[in-house]
There are 2 protein chains.
Amino acid sequence: MELENLLKQKGLKITDQRKAIVKVLKECGCMLSAREIFDKVKKIIPGVNFSTIYRNLDLMSQKGILCGLMVDTGVSLYGLRSEEGHHHHFVCKGCGRSLAIDYCPMGLLEKELAKKGFSHTEHQFVVYGFCGSCGTSGGVKAKSY
Amino acid sequence: MELENLLKQKGLKITDQRKAIVKVLKECGCMLSAREIFDKVKKIIPGVNFSTIYRNLDLMSQKGILCGLMVDTGVSLYGLRSEEGHHHHFVCKGCGRSLAIDYCPMGLLEKELAKKGFSHTEHQFVVYGFCGSCGTSGGVKAKSY
DNA sequence: ATACTTGCAAAGTATTTGCACGACG
DNA sequence: CGTCGTGCAAATACTTTGCAAGTAT
């Protein structure tokens, strides 16, 4: 019911595909890649198309229903927009799961940037590491930036 | 001369391609995408191949000679590793140029994460906006994450 | 000499687009 | 019933890989 209103309010139609995407993200509780979302939605709607997933992830991010995040491998992760508003993420290199971080570093920086004549529109803060279950063990795929 | 020693020290051979990549980045003074670097290096060495650029950008990032950064459009930017060490970036959505930011938010966060059982290996902090020359004017391409 | 590098070509991965049919409101 | 959304197929963008020939040390 929640979602129905949210979509309507944003001028988006209520479709099975959109409901399935949100359901999948809600059940998972963490951020997922478009591919992972696609795979899970396919179990609910076997005929879904990849482009439908992409279009809706983009659209719902624009409308503020979801939030997206580009990790350092060049893959986008999507999750439900948390009710508490603005936040950042910790991404586990072991299991790939991500977790919200409430802390935001922009406050301190905004003034500094303004002094230099820079205006700030968006920012991105992502912490990579290993979660409790994954230990410091088997991480592999991070680029050595 | 600088670079020659640096490469040697890291076990990398001194090639025209590597020298050209570093020259281009030094002259530009800001971070560039692989494509931009390729285009500029081609003016020095007309026959360079794209894969050579990619391989060297990766390699020199691993060796700590360059540093890389994934922006929210999924493109990697590369720049010379600044002598001052660890830093982050401001990326202008008008002209695409990037600038080092000395501030790092991890200090405060590290302990908090440790309490929750998370270990931290890398992090990413990128601020998007407009630089003095670009004003608040014509930016377009940012995703609405 | 020999291990590292390069150019070339081809493949891989992530995402986007145009179009005609179908469905929500 | 008009507008928005979907499936399909093809295209695009960025990056990676295998291999044989070339080059730095």
To the side chain of [X], which of [options] is closest?
X	options	answer
B/N56	C/dT6, C/dT15, C/dC8	C/dT6
B/Y54	C/dA14, C/dT6, D/dT16	D/dT16
B/K13	C/dG25, C/dA3, C/dT15	C/dA3
B/R55	C/dT16, C/dT15, D/dC19	D/dC19
B/V48	C/dG7, D/dT16, C/dA14	C/dG7
A/T15	D/dT16, C/dT15, D/dG5	D/dG5

Distance in angstrom units between [X] [atom1] and [N] [atom2], rounded:
X	N	atom1	atom2	value
B/D39	D/dC14	CG	P	11 Å
A/D58	D/dC4	CG	P	18 Å
B/L7	C/dC4	CG	C1'	13 Å
B/I53	D/dA13	CD1	P	19 Å
A/K19	D/dG5	NZ	P	15 Å
B/R18	C/dG7	CZ	P	11 Å
A/E36	C/dT13	CD	C1'	14 Å
A/I45	D/dC8	CD1	C1'	16 Å

Can you work out whether A/Q17 or B/N49 has the more 5'-proximal nearest nucleotide on DNA chain D?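 By nearest-heavy-atom nucleotide position, the 5'-most residue is A/Q17.
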Requested in this report: Would you mind telling me which residue lines up with the more 5' stretch of DNA chain D, B/D16 or B/F50, judged by nearest nucleotide?
Outcome: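 So the residue in question is B/F50.
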* For D/dT15, does OP1 or OP2 lie under 4.0 Å from any side-chain N or O of B/S76? ->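 True: B/S76 side-chain N/O within range (under 4.0 Å) of D/dT15 OP1/OP2.
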Has A/T52 got a side-chain N or O lying under 4.0 Å from the OP1 or OP2 atom of D/dG7?
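Yes, such a contact exists.
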Check your understanding: So what does B/S33 hit on the nucleic acid, given a heavy-atom distance under 4.0 Å: a base, only sugar-phosphate, or nothing?
Key ->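 No contact at all - B/S33 keeps every heavy atom at 4.0 Å or more from the nucleic acid.
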With a 4.5 Å cut-off on side-chain heavy atoms, are B/K10 and B/M60 touching?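 Heavy-atom side-chain distance check fails, nothing below 4.5 Å.
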Please work out whether the ring planes of A/F125 and B/H123 are parallel, tilted or perpendicular, with thresholds of 30° and 60°.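 Because their plane-to-plane angle is over 60°, the rings of A/F125 and B/H123 count as perpendicular.
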Identify whether the distance between the nearest side-chain nitrogen and carboxylate oxygen of A/K23 and A/E27 falls below 4.0 Å.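 Looking at A/E27 together with A/K23, the answer is yes, because their closest N to O distance falls below 4.0 Å.
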Where do A/V126 and A/H88 land on the side chain to side chain contact (heavy atoms under 4.5 Å, CB included) test, with the steps shown first?
CA-CA 6 Å; A/V126 189; A/H88 296 287; over 6 Å; no
Please list all pairs passing the ring-ring contact (aromatic ring centres under 6.0 Å, His included) test where one or both residues lie in residues 12-45 of chain B, with sequence neighbours left out.
->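 Non-adjacent pairs meeting ring-ring contact (aromatic ring centres under 6.0 Å, His included): B/F38-B/F50.
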